[in-house]
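First the proteins, then the strands, lettered A, B, ... as listed; each starts at 1.
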Amino acid sequence: MSSLLEIRNLTVTYRFQDRQAAAVRALDLTIREGEKLAIVGESGAGKTTLVSAIMGLLPNSAEIEGKIFFREFQLNPRILAKLRGKEIVLIPQNVHNSLNPVFSVGNQMEDLLIEAKISPNRRRRIILDLLRKVRLPRPEVIPRSYPHQLSGGMKQRVLLAMGLSRSPSLILADEPTKGLDPVRRVGILYLLKQLVEQRRQSFVLITHDIKAAVYLSDTVALMYQGEIVEVLPASLLNTHSLHPYTTALLAAAPERGLQVLRRINPGVDSSPIVGCSYAAFCNLCRPACLKQKPVLRKVASGHMVRCHAIA
Amino acid sequence: MGPYLLRRLSVAVVSLVGVSFVTFLLIFLVPGDPAEMVAQARFGHDVGEREIEMVCRLEGLDQPVVFQYIKWVRHLLNLDLGYSLISRQSVLSLIWSRFPATLLLACSSLLLSQIVAVPAGIISALRKDTWLDVVLRLFAIWGVSMPSFWFSYILIIFFALKLRVLPVSGYGSFANLVMPSLALSLGIAGHTARLLRASILEVLQQDYLNTARAIGIRESKIVFKYALKNAMIPVLTSVALQLSFLLSGTVIVESIFGWPGLGKLILDGIFTRDFPVVQGCVLFVAVCFVVINVGVDLLYAWLDPRIRWEARG
């Protein structure tokens with residue numbers, strides 16, 4: 001598989017008055033054509049900042065360093081404005097405020113089809129097809145509805161339909177089940193699974209839910225404090241993960257005994273990290289971990305770990 | 001939509017009843033005996049007890065207030081607002097003769113202010129904290145804080161006396177309309193521009209705009225369609241309120257420019273203690289307020305679909 005999106009040495013720093021906080025630190029990541037990748041981490045690990053940086057939708061207070069390539073083209077604001085929606089789509093978190101409250105769903109979907117230069121007489125049918133594709137009940141009444149008339153799950157489905165409207169090569173879904181009750185969550189995950197398997201295009205899931213990550217992706221990347229600490233095939237996550245943080249995260253899942261993660265409040269820490277960012281909480285910590293930053297090393301085919309303790 | 005409209009209309013009817021009652025009571029607030037005033041207007045200034053008593057009986061001023069009110073309302077429903085004590089003309093015809101001038105001035109001032117304020121507010125918000133924003137905001141504050149009577153005189157001194165391009169006062173031609181419109185629109189423009197800027201900045205923070213970008217809506221559409229319609233909602237209230245004030249006649253500016261509008265009619269009525277005229281005008285203005293408010297409620301429902309459905313729960 002050739003690489004679709006390549007992130008090289010990406011650092012994103014938020015500045016607030018005289019304080020600054022790095023949300024993403026010297027991050028390298030490659031998303032291959034057709035790859036289904038899940039980026040897993042706690043709140044504040046920098047997941048949303050990472051996808052916002054890819055989309056070019058960071059707030060002005062963010063400083064961005066490093067390069068992002070899409071099909072060998074280096075991304076800049078001008079190119080991104082053309083790629084958004086057509087080639088790369090982000091399904092954002094916070095479903096409840098993601099649709100414009102004063103326009104009907106049909107009106108908002110139609111705007112996307114106008115961007116795609118689809119002739120007016122075909123738009124209605126395409127909108128209906130898209131709404132059917134995301135399994136919305138009574139798709140024929142949805143275009144006339146306004147966002148406040150839809151439930152959270154329905155809004156998420158509408159957003160997915162919008163994302164799919166131009167068959168982009170890469171869909172990024174940022175916490176697509178956030179704010180939904182458990183039943184709706186399962187429904188959305190099931191729908192995503194179907195859509196992901198139907199499509200040959202790439203899909204990136206941002207989540208803190210390990211089960212969702214394993215269910216929907218073939219590769220999992222674990223993110224801690226703005227860095228990728230481990231990348232491995234999803235099928236091996238539960239059995240063969242190596243990084244101490246991954247182990248701690250797995251142990252924190254309810255069915256594994258809900259062991260509380262030892263953590264600092266990520267994001268407000270402004271001093272540059274010397275050594276390993278996880279050293280302070282790691283049971284395998286050794287002197288080298290405090291002095292020298294570990295690199296992401298390949299330990300097996302498709303499995304990389306950033307840790308001194310793992311040989 | 002139906003229940004929402006019905007509820008708004010019933011509120012409007014209740015306000016109208018309240019307004020009519022308060023307006024009716026105005027006669028009793030005017031210093032002096034209404035019967036004496038009517039008698040003086042009919043028979044000259046030195047009226048005796050006999051004449052006053054006669055008027056009292058003829059006009060039913062000796063009856064209980066409630067009966068007088070019912071009688072007054074009955075006349076009102078037949079569009080009879082009584083007659084001016086001075087000119088003997090019917091109050092309704094007086095109002096209708098003055099209203100076009102006020103309506104013209106109100107519309108031209110409002111239009112002028114919005115033509116300036118809407119682009120200024122949008123530019124100010126999009127170019128937040130640049131020199132352009134600072135300049136526009138300074139102009140807006142200047143506009144808000146400049147008293148209209150003061151600005152009127154400056155306009156007269158500059159355009160009419162120094163440059164001699166516009167007539168000092170009067171009514172009838174386009175040239176007459178320019179200065180009063182400018183004087184009235186300045187404050188409204190400043191206020192609207194400031195409000196629109198704040199409102200757009202608030203809306204620009206909303207997640208749904210970033211979502212629109214993330215799924216591929218172009219930036220110009222995001223600003224002029226997605227953000228602007230949301231930002232107009234609070235601005236609308238203010239603009240409607242301004243229109244109501246303009247329609248009630250702007251007493252000072254109309255007086256300065258000799259504009260024969262409602263404001264001047266009210267002012268003259270007050271000076272000559274012509275209470276039927278004052279009463280009729282006040283009632284008319286109140287009706288204008290109520291009608292505009294219903295109009296605004298309808299506009300709201302069009303702008304914000306959440307309001308349309310609130311009645312259904």
For atom [atom1] of [X], decide whether the heavy atoms of other residues, nucleotides or ligands shown that lie under 6.0 angstrom number more than 12.
X: A:R199; atom1: CZ; answer: yes
X: A:R71; atom1: CZ; answer: yes
X: A:Q74; atom1: CD; answer: yes
X: A:K193; atom1: NZ; answer: yes
X: A:H96; atom1: NE2; answer: yes
X: B:W142; atom1: CH2; answer: yes
X: A:R184; atom1: CZ; answer: no
X: B:F139; atom1: CZ; answer: no

Chain B contact via A:I114 - side chain, backbone, both or neither, heavy atoms under 4.5 Å: side chain
Examine whether an atom of A:L57 lies under 4.5 Å from a heavy atom of chain B, and if so say whether it belongs to the side chain, the backbone or both; otherwise answer neither. both
So which heavy atom on [X] is nearest to which on [Y], and how close?
X: A:D111; Y: B:K221; result: OD1-NZ, 3.1 Å
X: A:V102; Y: B:K229; result: O-NZ, 3.2 Å
X: B:Y226; Y: A:N100; result: O-ND2, 3.1 Å
X: A:P101; Y: B:P305; result: O-CG, 3.1 Å

Pair B:Y208, A:N97 - check side chain to side chain contact (heavy atoms under 4.5 Å, CB included), show working. CA-CA 6 Å; B:Y208 51 75; A:N97 198 22; 3.4 Å; yes
Please rank A:L112, A:V89, A:V51 by heavy-atom pairs under 4.5 Å with chain B and give me the top one. A:L112
A:P147, A:P92, A:S98: which one forms the most heavy-atom pairs within less than 4.5 Å of chain B? A:S98
Going from CG on A:L80 to CZ on B:R213, what distance comes out if it is rounded to the nearest 0.5 angstrom? 13.0 Å
Output the option from B:L303, B:D304, B:N230 having the highest count of non-hydrogen pairs under 4.5 Å with chain A. B:N230
Please assess A:R84 against B:I215 for the test side chain to side chain contact (heavy atoms under 4.5 Å, CB included), listing each intermediate value before the final yes or no. CA-CA 6 Å; A:R84 277 198 294 262; B:I215 55 177; over 6 Å; no
I'd like to know whether A:Q108 forms a side chain to side chain contact (heavy atoms under 4.5 Å, CB included) with B:T211, so could you lay out the CA-CA distance, the side-chain angles of the two residues, the decisive distance to 0.1 Å, and finally the verdict. CA-CA 11 Å; A:Q108 295 182 56; B:T211 307; over 6 Å; no
